[in-house]
Amino acid sequence: NFWFARLGHVVPNHLTGIDPESVVAPEEREQVRGRAIVVKKLATLPVEAVVRAAVPSGFELTVVAGATGLGRGIDNPYPQKTGLALAGFDASLQAGRLLVFGESEVRYLAGLPPERRQDVIARVFSRGVPCIVLTKHLSPPDDLLTGADTAGVPLLRTALPTPITLARLTALLDDQL
């Protein structure tokens, strides 16, 4: 709390100023005394707001599928590369966290047999992903386009390479959330 108090006039923070002891049962007060803080609820940012804010942030995001889901909320400021999630290790996929698909993810999906590819795509969409951003102006497999439209999950595309996309999205989301 020292740094929050010290820098509160420079950077806004999530502290409410509410005494934690005032929001717990009397028998729990000792447990929170000096060890807890009460914070503001995390806000969500609609995918549409990210699309609109991208241009002033130095890049463009184009909606290529799933436009009905532009109101879905992003609540984590850190974009996620899928890594092994497409290969079945998807426990790390977090609802509310934007996914970034680069060349390796798109190639991996394109190389799967159609039935397996559809299963992988459905599994990713079932994890509460607010949107997927394709980098390097990549063309997604048709199953990804169809899956995004069916699930109402926006599929966005940018011309930027993956590392720059991740950096710009992180800066944008960190500022907005």
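These numbers were taken from a predicted model, which means no experiment stands behind them. Values reported hereafter were calculated over all heavy atoms of this structure, with side chains retained and with hydrogens, waters and symmetry mates removed.
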Got a list of side-chain donor-acceptor pairs under 3.5 Å for residues 137-147, not counting sequence neighbours?
unit_1: D143; atom_1: OD2; unit_2: R117; atom_2: NE; d: 2.7
unit_1: D143; atom_1: OD2; unit_2: R117; atom_2: NH2; d: 3.4
unit_1: T146; atom_1: OG1; unit_2: D142; atom_2: O; d: 3.1

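- Within the 4.5 Å cutoff, the side chain of P79 has no heavy atoms near those of the V133 side chain.
- Judged as a ring-ring contact (aromatic ring centres under 6.0 Å, His included), and not counting sequence neighbours, the contacts of F4 are H14.
- Under a hydrophobic clustering in which Ile, Leu, Val, Met, Phe, Trp and Tyr are joined whenever their side-chain heavy atoms come within less than 4.5 Å, directly or via other members, L134 and L70 fall into different clusters.
- Looking only at distances, no side-chain donor or acceptor of Q176 sits under 3.5 Å from a matching main-chain atom of L173.
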Under 3.5 Å, which donor-acceptor pairs link side chains of residues 85-92 to any protein atom two or more places apart or in another chain?
unit_1: D90; atom_1: OD2; unit_2: R123; atom_2: NE; d: 2.8

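- The two residues P20 and A36 come nearest to each other via the heavy atoms CG-O, 3.1 Å.
- R97 contributes no side-chain N or O that, together with a main-chain N or O of G128, makes up a donor-acceptor pair within less than 3.5 Å.
- Of the listed residues (L155, L156, V100, I121), just one forms a side chain to side chain contact (heavy atoms under 4.5 Å, CB included) with I132, and that residue is L155.
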Identify every side-chain donor-acceptor pair in residues 49-62 under 3.5 Å, counting partners at least two apart or on other chains, and give the distances.
unit_1: R52; atom_1: NE; unit_2: E48; atom_2: OE2; d: 3.4
unit_1: R52; atom_1: NH2; unit_2: E48; atom_2: OE2; d: 2.7
unit_1: S57; atom_1: OG; unit_2: A53; atom_2: O; d: 2.9

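- Crowding of E115 atom CD: a count of heavy atoms from other residues, nucleotides or ligands under 6.0 Å not exceeding 12.
- When the options R33, Q31, R29 are evaluated for a side-chain hydrogen bond (donor to acceptor under 3.5 Å, both in side chains) with E21, the one that passes is R33.
- Qualifying side-chain hydrogen bond (donor to acceptor under 3.5 Å, both in side chains) partners for T135, counting only residues two or more places apart in sequence or in other chains: T162.
- The side-chain hydrogen bond (donor to acceptor under 3.5 Å, both in side chains) search around D19 returns none, not counting sequence neighbours.
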